[in-house]
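Following: one structure in structure tokens, then a few remarks.
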Amino acid sequence: MSLAIVIMAAGKGTRMKSDLPKVLHKAAGRALIEHVILKSESLKPDTIILIVGHQADQVRNAVRHFPVTCALQEPQQGTGHAVMQAEAALAGFGGEVLILSGDAPLFTEETLRNLISFHRETGAAATVLTADISDPTGYGRIIRKSGTDSVEKIVEEKDASETQKAVPEINSGVYVFDAHTLFSSLKEITTDNAQAEYYLTDVFGVCFRKGLRVAAWKTPNPDEIHGINTPEQLLHAERLLLQS
Ligand code: UD1
Ligand code: CA
């Protein structure tokens with residue numbers, strides 16, 4: 001099966017309190033985005049598409065020696081909108097699409113391979129990598145269809161009810177999709193939500209309502225899922241990257 005990887009890196013990252021694009025901050029001697037690209041390359045994909053937007057020229061320049069195709073997202077209207085920008089570069093591609101974020105460099109190759117294997121074994125159209133964590137605040141919550149292991153939808157913190165906020169299973173922001181399902185479902189999502197953005201996570205609800213198989217694979221190692229939003233998290237990530 002052919003594999004394309006889309007890395008989302010167009011967002012602003014205001015909490016780093018710095019003029020440098022978030023994904024160009026360094027940990028363990030490399031920019032965050034380089035860590036994510038190197039990990040992507042280890043999976044031997046057919047293609048890697050990098051979504052750039054905020055400070056696009058700086059990010060493009062920093063990755064110029066890597067075998068990635070950059071797609072511009074301008075303006076930045078959410079993660080779903082980010083992935084829509086990869087459609088032209090993937091025209092005619094009928095394989096699987098793995099989605100990563102440029103600010104989340106801690107996933108191991110093993111975890112990503114396990115996610116892809118699970119997606120294939122379950123015959124899912126969409127699979128999300130999840131984790132149970134003690135403080136799920138800020139993350140999207142995985143809402144499973146009661147009595148099944150199927151994912152009914154993913155609800156963002158800002159849109160969640162109190163009951164949904166109590167769910168400990170969170171969205172890591174890493175997914176595998178069948179390419180056709182992904183791009184056709186993205187045409188059905190709207191900005192009718194608390195942040196008025198196109199949420200990539202809404203593709204799960206779209207697929208579920210169509211009766212497609214929607215799966216979730218829970219990693220036994222929640223440390224990997226932490227994205228980097230603050231200088232403190234950058235230091236923490238550096239420690240983990242140096243250990244790995
Ligand atoms: C996202 C997920 C959330 C999940 C979390 C995991 C959505 C709607 N929510 O939330 O469920 O728990 O990740 O970390 O997807 N980006 C773009 N263009 C945009 C917006 C974002 O390229 O217009 C990029 C960012 O640069 C970043 C990634 O997408 O690399 C994730 O965006 P971010 O704003 O951090 O999403 P969260 O709100 O954390
Ligand atoms: Ca984030």
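Note that this is a predicted model, so its numbers are computed, not measured. By convention here, the first residue in the shown sequence is residue 1. Counting starts at 1 for both ligands and their atoms, following the listed order.
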Could you establish whether [X] and ligand 1 come within less than 4.0 Å of each other, counting only heavy atoms on the residue side?
X: G53; value: no
X: S172; value: yes
X: I170; value: no

Charged N-O contact under 4.0 Å between [X] and [Y]:
X: E110; Y: R113; answer: no
X: E188; Y: R209; answer: no
X: R141; Y: E157; answer: yes

To the nearest 0.5 Å, what is the distance between CD on E238 and NE2 on H236?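 Result: 12.0 Å between the selected atoms.
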
Could you report the tightest heavy-atom contact between M1 and G95, atom names first, then the distance? SD-CA, 3.9 Å

Taking all atoms of both residues into account, what is the closest heavy-atom pair of I48 and E41, and its distance?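 Looks like CD1-CG, 3.9 Å.
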
Should [X] be counted as touching ligand 1, given the test is an N or O pair under 3.5 Å?
X: G173; value: no
X: G138; value: no
X: Y139; value: no
X: G11; value: yes

I need the atoms of ligand 1 closer than 4.0 Å to a non-hydrogen atom of Q76, numbered in the order shown. 23 (O)

Can you name the atoms of ligand 1, numbered from 1 with element, that are less than 4.0 Å from a heavy atom of A82?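 Answer, ordered by atom number: 17 (C), 18 (N), 22 (O).
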
Select one of side chain, backbone, both or neither to describe which atoms of [X] lie under 4.0 Å from any atom of ligand 1, heavy atoms only.
X: A104; value: neither
X: Q73; value: side chain
X: E156; value: side chain

Counting only heavy atoms not in K26 (residues, nucleotides, ligands), do more than 12 fall under 6.0 Å from its NZ?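 No, the 6.0 Å shell around NZ holds no more than 12 heavy atoms from other groups.
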
Taking atom CD of E74 as the centre, report whether more than 12 heavy atoms of other residues, nucleotides or ligands fall under 6.0 Å from it.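 Yes, enclosed.
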
